[in-house]
Amino acid sequence: PWFLSYHCLETKVSYDIVWLNNCNYKLRNRRLLSGESKMEWKLDNEIRVEILEVGDKTYKAHFTSNFSTFVTDYQLEIVE
């Protein structure tokens with residue numbers, strides 16, 4: 001299975017990845033690995049990601065979710 005893990009401030013979480021096609025995936029089943037969560041994560045919460053541009057070491061993606069109106073674009077590092 002695919003999963004994503006990130007470390008932000010003092011919180012580390014991981015998600016299961018569900019690929020929808022080559023440029024879109026959903027992040028589900030958030031797991032708190034360390035630190036404290038500032039939000040309650042519900043089982044049906046998911047983050048939707050659309051890959052906009054891919055470089056040699058990074059990709060730019062558009063993020064939305066089914067639990068918030070917050071929308072943003074991020075540049076992420078590609079780790080193999």
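Just so you know, these numbers come straight off a predicted model, no measurement behind them. Residue numbers run from 1 in the order of the sequence given.
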### Query
So does Arg28 pair up with Asp44, basic N to acidic O under 4.0 Å?
no

### Message
Less than 3.5 Å apart, any donor N or O on the side chain of Gln75 or Thr58 sitting next to an acceptor on the other?
### Response
yes

### Message
When you compare the side chain of Ile17 with that of Lys26, does any pair of heavy atoms fall below 4.5 Å?
### Response
no

### OH (Tyr74) with more than 12 external heavy atoms under 6.0 Å
no

### Query
What's the shortest heavy-atom distance between Val13 and Arg30, and which atoms?
CG1-NH2, 3.5 Å

#### Entry: Side-chain touch Arg31/Asp16, heavy atoms, less than 4.5 angstrom
yes

### Tyr25 and Tyr59 aromatic ring geometry - parallel, tilted or perpendicular at 30°/60° bounds
perpendicular

### Validation row: Thr64, Ile47 side chains within 4.5 angstrom (heavy atoms)
no

### Task
Given side chain to side chain contact (heavy atoms under 4.5 Å, CB included), test Ile51 with Asn24 step by step and report yes or no.
CA-CA 6 Å; Ile51 298 172; Asn24 293 278; over 6 Å; no

#### Entry: Minimal non-hydrogen separation, Phe63 against Val49, with atom names
CE2-CG2, 3.4 Å

### Message
For Glu40 versus Asn45, what's the shortest heavy-atom pair and its separation?
### Response
O-ND2, 4.2 Å

### Task
For Ile78, look at atom CD1 and say whether over 12 heavy atoms of other residues, nucleotides or ligands are found less than 6.0 Å away.
yes

### Query
What pair of heavy atoms forms the shortest contact from Glu46 to Trp41, and how long is it?
N-CZ2, 4.4 Å

### Task
Can you see which heavy atom on Leu76 is nearest to which on Ala61, and at what distance?
CD1-CB, 4.0 Å

### Note, His62 side chain near Val71 side chain (heavy atom, < 4.5 Å)
yes

